[in-house]
Structure formats: structure tokens, C-alpha cells
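Residues take their numbers from the sequence shown, with the count starting at 1. These numbers come from a predicted model, not from an experiment. Both ligands and their constituent atoms are indexed starting at 1 by order of listing.
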Amino acid sequence: MESFNIDLDDINLDVVYKSFSSLQSGIPYSEELQRMSFDDAVTSDVFSPEQIRRDFPILHQRINGKPLIWFDNAATTQKPKVVIDAVARFYATDNSNIHRAAHTLAGRATDAYEKARDTVRNFIHAAAPEEIVFVRGTTEGINLIVQTYGRKYIGEGDEIIISTLDHHANIVPWQQLAKEKKARLLAIPIDDNGDIILEAYERLLGPKTKVVSFGHVNNTFGTVAPVRTMIEMARRYNARTVIDGAQSIAHTPVDVQKLDCDFFVFSGHKIYAPNGIGAVYGKRELLELLPPWQGGGNMIKDVTIEETQFNVPPARFEAGTPNVAGAVGLGAALDYVKRIGLGAIGTYEHELTEYARTRLSAIKGLHLLGNPRERVSVVSFILDGVPTIEAGQLLDKEGIALRAGHHCAQPALRRFGVEASIRPSFSFYNTKEEIDRLIEAILKVTRQAL
Ligand SMILES: *Cc1c(COP(=O)(O)O)cnc(C)c1O
């Protein structure tokens, strides 16, 4: 195994100070970011998975004597050195609490945090940084929306629409709210391909629909939801829309203004950023109407023992000391992805996914689950004669890390009559050679089982 050390001498303090002084000099960060980033379309010719692999220290090790193959990207992604370095650099040179103290490090930490917010805004094409709320991840983000928008606007007899494809993070919080408010929770059915049935969705919509909340990309079959159409249909009934972007953020460009969704949520760790940081996008005029959900520091304007005046968004929703280093790491990850280009990434990952589907479907006794019209990055299957969890353990012996279980999407799997599946999920650092090795390993596992 290659050892990996962060050499503090390598840390480029110029970058740190440049970002700080650009604020001092009045140059808005967004301009600097625009200079740094490339257009998606122009970068496809420089796309190279081999080069990308070199940026990810964790990939260069052996597991059980075999080179590691990381096919568990839908659960979490690995981190490039630029992200690890950005977090280390923050702690080595800039660490401070933010927004409060009037000293130099507080200024730098605050700048870094707010710069990261603007990087998120730019990445998902939100109109203003005030529309970006930092949270721990998708789960916390959806809970924030449920506890603020949901508690204020959803009442007895109202209807909440989700989808059968959804992750538990987009089911449980709405279910809890529905029980508390005596509202109804309805789930859009899916067909045998794992696609959303739009006609059934249309029938669920009505004057009582208050919110439609669903996953942009499903984590079990890789289904890409017809998100624009679905949002447009919800709008006709004046329903609010929440998009769970946990699975789409790393694989497909997102423009929240073009989508015209009310909320969009994602987790940093699914797009090569650290754990414990993610973001909620909310339309500004909507966020302004919402009450806070957690009380404490930073979310206030003025506090007496009797009363509190709350801060404006996004601070209103960010009580307490935030994960500043996580936000810095998220900013670095988004810059990294942007430099490579989501257009090129999506094309390459689509190629990998289709290659995997073709090779897997040729294996006797292997059953692919779902065959969605539009799909990205994820494939699910079961094997005759090999219990799913056992298959996962046997593949680990071959150095292959993938998910074998229910993937926090039990209703989606049960629609296919199974409780668990084997799920490789691909990223831009995976290769066709790795898929070939997976195929060989599966053949070995199934032979052993016979
Ligand atoms: C991973 C995932 C979540 C939950 O994300 P956390 O980072 O665990 O909060 C929600 N929805 C989908 C589609 C996911 O893939």
C-alpha cells in the first residue's frame, strides 16, 4: 500500500492569501471562480480516467491481496487530494469560528465559508448565495424542509407526494410529518423497468397536493426521473417541489433555475467532498417565509430572555457552529468536478454503466433489476443460488467493494419482489477493466456456489 502524507510544506499559502486578499480588494469571489472554472463542453477532450485515478490516494491500495475496486460510489465517493489538502490547509492555517470575532483568522474562516457557499450557488446555478443553506447532508436537508416548510404549510387532509423509488431519507421524514398533521402521504408507482409512471403521478395530483418531493436519480436502478416534466406538473396544482439530488449531483449538471424547483438538496460526500456537509437550495422568497427549525447561535438577530428575533436566511437555518472545514472541502470538490466537466463525466459514466449492463446480462443465473429509460451510474442484480449478502462478502475477497443489501430503498426493491440486491455503482475513476474484473469475480462466486 502506498502511504499518503499531507506535507504541510506543500500547502500553497499563496492560494489562501489570494482568496482572502481578493475579498479585501473588493473583487467578488464569483469572478475569481469563473476564471477558475471551465465550460462543461470544452473539457471532454481532456477527460482521462487514468489521470483522475492519480488524484485519489485511497484507490491505490490492495484489499485482500487484490487491487481495490471501489464500486460503492452510490453510498459514498472517495476524495481527491485537492479536497484532502483543502481541509488540511484550512485547519493548518485558517481555522477559527466564523461570523463572530473581529480577528484575522475569523475573517479568513468566514471568507472561506462564504466562498464555498458561492461555489455551491454557482455549481447548481442558484440566483443568490442566500438561497444556499449548509447542512450535514441530504437527510438533514430534507428534515429541514419538512420541519420548516412542512410544519408551517401542511395540515390535516393535505397531500404529500413522494415516489416509490425514493431513498428512506425522502420517505421517513414526510411520513412522520403526515402522521403528526393527519396529512396523506402518497407514493408514485413505478413500472417493471423501474421508471416512474407519469399517468399515475398525474392521477395523484390534485387540489390537496401541497408538496411533491422525489429523487432526481434513484440509488438502486439508476433511474433518472423526468424531473422537469414532474416539476411542471406539480406547478399546475400550485404544489411545492423538493428534489433529492443526492444521487444526481455527481453525475449530471443541475440548474435549479431552469428546473424551477422550490428546493434542491444534496450531500457533499456523494460528490467527492468530506462527510458531514451538504446543502439545501431554497427559493429566496420561500426561505424568507419559513420559520427556523433549530434554535441557538448564529440564527438570531437579537435575544432577550422572553423573545428572539430571528436572523435572515440562510443564517436563520444554520444554528450553531457550522462545519467550516467541510464547506471548504465541498468547495474544493465542486471546483474539481467542474474543471473536469459534468458533460464529459456523464458521458463516460454512461458508457461504463451500459458496458456493465451488457456484460452482466450475459451471465447465466444473474438477473438485472430494472431497465429504466434514462439511467446513470448504478446497476442492481441478484444471483441464483448465492444469497446477496454472502455475494458481497465473496466479492470483497476479490478486492471489490460494492453494496449488497437494501440500499435504504426498501419500497423500490420490494416492488421487484426482493429484499436485497447486489449494487455496483460507478464513478469517473472507474474503468472497463475493473468491470471485467467484477465479471470474472462473479463467475468465480457463482461457480463456487454450484
Ligand atoms: C445517499 C442518499 C440519501 C441520503 O444522503 P445522506 O448523505 O446519507 O444524508 C438520500 N437520497 C438518495 C437518493 C441517496 O442516494
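- Ranking protein heavy atoms by distance to atom 8 (O) of ligand 1, first place goes to Thr139 OG1, 3.6 Å.
- Taking a cutoff of 4.0 Å between a charged side-chain nitrogen and a carboxylate oxygen, Lys181 and Asp158 do not qualify as a salt bridge.
- Residue, atom and distance of the protein heavy atom nearest to atom 11 (N) of ligand 1 are Asp244 OD2, 2.6 Å.
- No close placement of the Tyr355 and Phe426 rings is indicated, their centers lying 6.0 Å or farther apart.
- Residue-level proximity to ligand 1 for Thr138 is carried by backbone and side chain together, each with a heavy atom below 4.0 angstrom.
- Between Arg316 and Glu288 no salt bridge is recorded (no basic side-chain N to carboxylate O distance below 4.0 Å).
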For Glu318 and Val133, what are the C-alpha separation, side-chain angles and deciding distance, and is it a side-chain contact (heavy atoms from CB on, under 4.5 Å)? CA-CA 7 Å; Glu318 293 182 358; Val133 181; 3.8 Å; yes
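- For atom 14 (C) of ligand 1, the closest non-hydrogen atom of the protein is Lys270 NZ, 3.0 Å.
- Contacts with ligand 1 closer than 4.0 Å are made by side-chain heavy atoms of His269 only, the backbone lying farther away.
- Ion pair Arg108/Asp111 not flagged as a salt bridge, since none of the NZ, NE, NH1 or NH2 atoms sits closer than 4.0 Å to an Asp/Glu carboxylate oxygen.
- The distance from ligand 1 to the heavy atoms of Ser267 drops below 4.0 Å at these ligand atoms: 5 (O), 6 (P), 7 (O), 9 (O).
- Heavy-atom contacts of Ala246 reach the following atoms of ligand 1: 2 (C), 3 (C), 10 (C), 11 (N), 12 (C), 14 (C), 15 (O) (cutoff under 4.0 Å).
- Summary of contacts: the protein heavy atom closest to atom 15 (O) of ligand 1 is Gln247 NE2, 2.5 Å.
- Side-chain contact check for Tyr149 and Asp262: no donor-acceptor pair (N or O, by modelled atom type) lies under 3.5 Å.
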